[in-house]
Amino acid sequence: MILVTGGAGFIGSNFVLDWLACSDEPVLNLDALTYAGNLRNLASLDGNPKHLFVHGDIGDRTVVAELLARHRPRAVLNFAAESHVDRSISGPEAFLRTNVMGTLNLLESVRQHWSALPEAERAAFRFLQVSTDEVYGSLAPDAPAFTELHRYEPNSPYAASKASADHLVRAWHHTYRLPVLTTNCSNNYGPFHFPEKLIPLMIVNALAGKPLPVYGDGMQVRDWLYVGDHCRAIRTVLERGVPGEHYNVGGWNEQANIDIVRQVCALLDEMQPDPAGPRSRLITHVTDRPGHDRRYAIDARRIERELGWRPQETFASGLRRTVRWYLDHADWVRDVQSGAYREWVAQQYGARA
Ligand code: NAD
Ligand code: DAU
C-alpha cells in the first residue's frame, strides 16, 4: 500500500480518489483534519476496504511510526501542509509547525522505518514531497519560466516554509540516502478546492451576488493546472522518477488573475444567468496582498521529456468542468462555509479597501 498524508484536502483527496479509480493498491490516508481537511471529499469511498483513514498529525512520531510498522507502505506521499498564502501572512506559526517541523518529524519517522527494511524493500521505497512553484519566487514579465535549476527565492511565509521542507527532504537524501522525489507544481484548480483560493472563492461569491475581490490591479500571472493532471503527474513521478530529483509540473497556461475572474463570470452567466446582470459587475479591486509575487510560470519540459507526462485538460474544458462541479455541489459548498470560514472571510476582506 501507499501512505498519503493530507489526503482529505483539495489535492490529496483528488489524488486518493484518482488512485483508487485506477489501481487496486490500498491507500492509508493520514490527515489532521484542519479547517482545510474534509472527509466529505472522500464520501464516495465509504465502506471501501482499500481506503484506510487515520486522523492524525504528520508531526506525531508515535502515530507515524506505528502506522509504518503495521502497514509497511512501499511509499509515503506528503501532501499535508498549511497551503494558503494569505493565512501565512496573518499567522505564519502554523506554517512552520506543519510544513517545516511536521515534515522534519515525518522524515525522521520514515528514515527510522526505512533504514531497518530488508534490502529489496529499502531499494524500492520512495518518499515523495509535494511542493510548489512558489519556492522559486517571482518572475519578471519577460523572464523564462522556472526550470528545476532555478534557485529557491521564496517570498511569502508559506513559500519559505515549503522551501525549508524541500531543503530538509534534499538533505535526507544526500545525508541518509533516503530515496526521495520532489514535485514543484503550479496553481491547481478543480473539484473540492476550498473557497479561500481564487477560483472557488470567485465562484461562490459570484453565485451569492457578493463582491469579487481582486488584489491590486489583477495583472499578477499564475500558471493554472487542472488538479487531475497534477495527480497523474505525481503518480508518474512516483513510478518512474529518479530518487533525489525534482520535477516541475505545470499547465503551460499563464493567465492574469483578472482574466481568470472574467472567465469564471462568463461561465456562470452562461450556465446559471443572474437576473441582476452580468457577474463581472461584482468585480472589486481591493488592497494588494503584501509581498505579492507578480508572476509564476513553470517550464515542464523535463517531466515530459524524461517521464512522458503532459497535461491533458485544456483550461477551457477544466474551468468549465470546475464551475459545473460547484453548481452541482451546493451542499458541499454550504458545508465548508462554516462559522470558521465566515470568520476568516470577515478578517481577510473586512478591512480591505
Ligand atoms: P489543502 O490546504 O487543501 O489541504 C491540506 C491538507 O493537509 C488538509 O486535509 C489538512 O487537514 C492536512 N493537514 C494540515 N496539517 C496537517 C498535519 N500537521 N498533519 C496531517 N495533515 C495535515 O492543500 P492543497 O491545496 O490540497 O495542497 C496539498 C499540497 O500540495 C500542499 O503541500 C501544497 O503546498 C501543495 N501544492 C498545492 C498547490 C495548489 O495550487 N493548491 C500547488 C502546488 C503544490
Ligand atoms: O503556485 C502554487 C500555489 O498556488 C500553491 O503552492 C498554494 O498552496 C496555492 O494556494 C496557490 O497559491 P496562490 O497564492 O497563487 O493562490 P490563491 O488562489 O490564493 O491566489 C491566486 C492569485 O489570485 C494570487 O495572485 C492572489 C490572487 N487573489 C487571491 C484571492 C484569494 C485575489 O486577487 N483575490 C483573492 O481574494
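Keep in mind that what you see is a predicted model, and the values were worked out from it rather than measured. When a ligand or atom number is given, it counts from 1 through the structure's own listing order.
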> Between the candidates Arg294, Arg289, His292, which shows the shortest non-hydrogen contact distance to atom 20 (O) of ligand 2?
Replying inline: Arg289
> Relative to ligand 2, is Leu198 under 4.0 angstrom through side chain, backbone, both or neither, heavy atoms considered?
Replying inline: both
> Is there at least one pair of N or O atoms, one from Ile11 and one from ligand 1, spaced under 3.5 Å apart?
Replying inline: yes
>> Need the ligand 1 atom indices (1-based, order shown) with element for anything under 4.0 Å from a heavy-atom of Thr34.
In response: 10 (C), 11 (O), 14 (C), 15 (N)
>> My understanding is that only residues two or more places apart in sequence, or in another chain, count here; which of them pass side-chain contact (heavy atoms from CB on, under 4.5 Å) with Thr132?
In response: Glu134, Val135, Tyr158, Lys162
> Which of the atoms in ligand 2, numbered in the order shown and given with their element, are less than 4.0 Å from a heavy-atom of Leu201?
Replying inline: 36 (O)
> Which residue from Asp57, Asn188, Asn184 reaches closest to atom 40 (O) of ligand 1 through any of its heavy atoms?
Replying inline: Asn188
> Quick one: does ligand 2 sit under 4.0 Å from the side chain of Glu134, the backbone, both or neither, non-hydrogen atoms only?
Replying inline: side chain
> Looking only at distance, does Phe79 have an N or O less than 3.5 Å from an N or O of ligand 1?
Replying inline: yes
>> If we only consider heavy atoms of Gly56, is any one of them less than 4.0 Å away from an atom in ligand 1?
In response: yes
> Under 4.0 Å between a Lys/Arg side-chain N and an Asp/Glu carboxylate O for Arg334 and Asp331?
Replying inline: no
> When you look for heavy atoms under 4.0 Å from ligand 2, do you find them on the side chain of Asn257, its backbone, both, or neither?
Replying inline: side chain
>> Using a plain distance cutoff, I'd like to know if Cys185 has any nitrogen or oxygen under 3.5 Å from a nitrogen or oxygen of ligand 1.
In response: no
>> Is there a polar contact, in the sense of an N or O pair closer than 3.5 Å, between Ala80 and ligand 1?
In response: no
> Do any nitrogen or oxygen atoms of Lys162 come within less than 3.5 Å of a nitrogen or oxygen of ligand 1?
Replying inline: yes
>> I want to know if ligand 2 touches Tyr296 in the polar sense, i.e. an N/O pair below 3.5 angstrom.
In response: no
> Any idea which atoms of ligand 2 are less than 4.0 Å away from a heavy-atom of Glu196?
Replying inline: 31 (C)
>> Would you say Leu107 ends up clustered with Val63 if hydrophobic residues are merged whenever their side chains have heavy atoms under 4.5 Å apart, either directly or through other cluster members?
In response: yes
> Can you find a non-hydrogen atom of Gln348 under 4.0 Å from ligand 2?
Replying inline: no
> Which ligand 1 atoms are under 4.0 Å away from a heavy-atom of Tyr158?
Replying inline: 33 (C), 34 (O)
> For ligand 2, is Lys162 a contact, meaning one of its heavy atoms is under 4.0 Å away?
Replying inline: no
> Would you say Ser131 has any N or O atom under 3.5 Å from an N or O of ligand 1, going by distance alone?
Replying inline: no
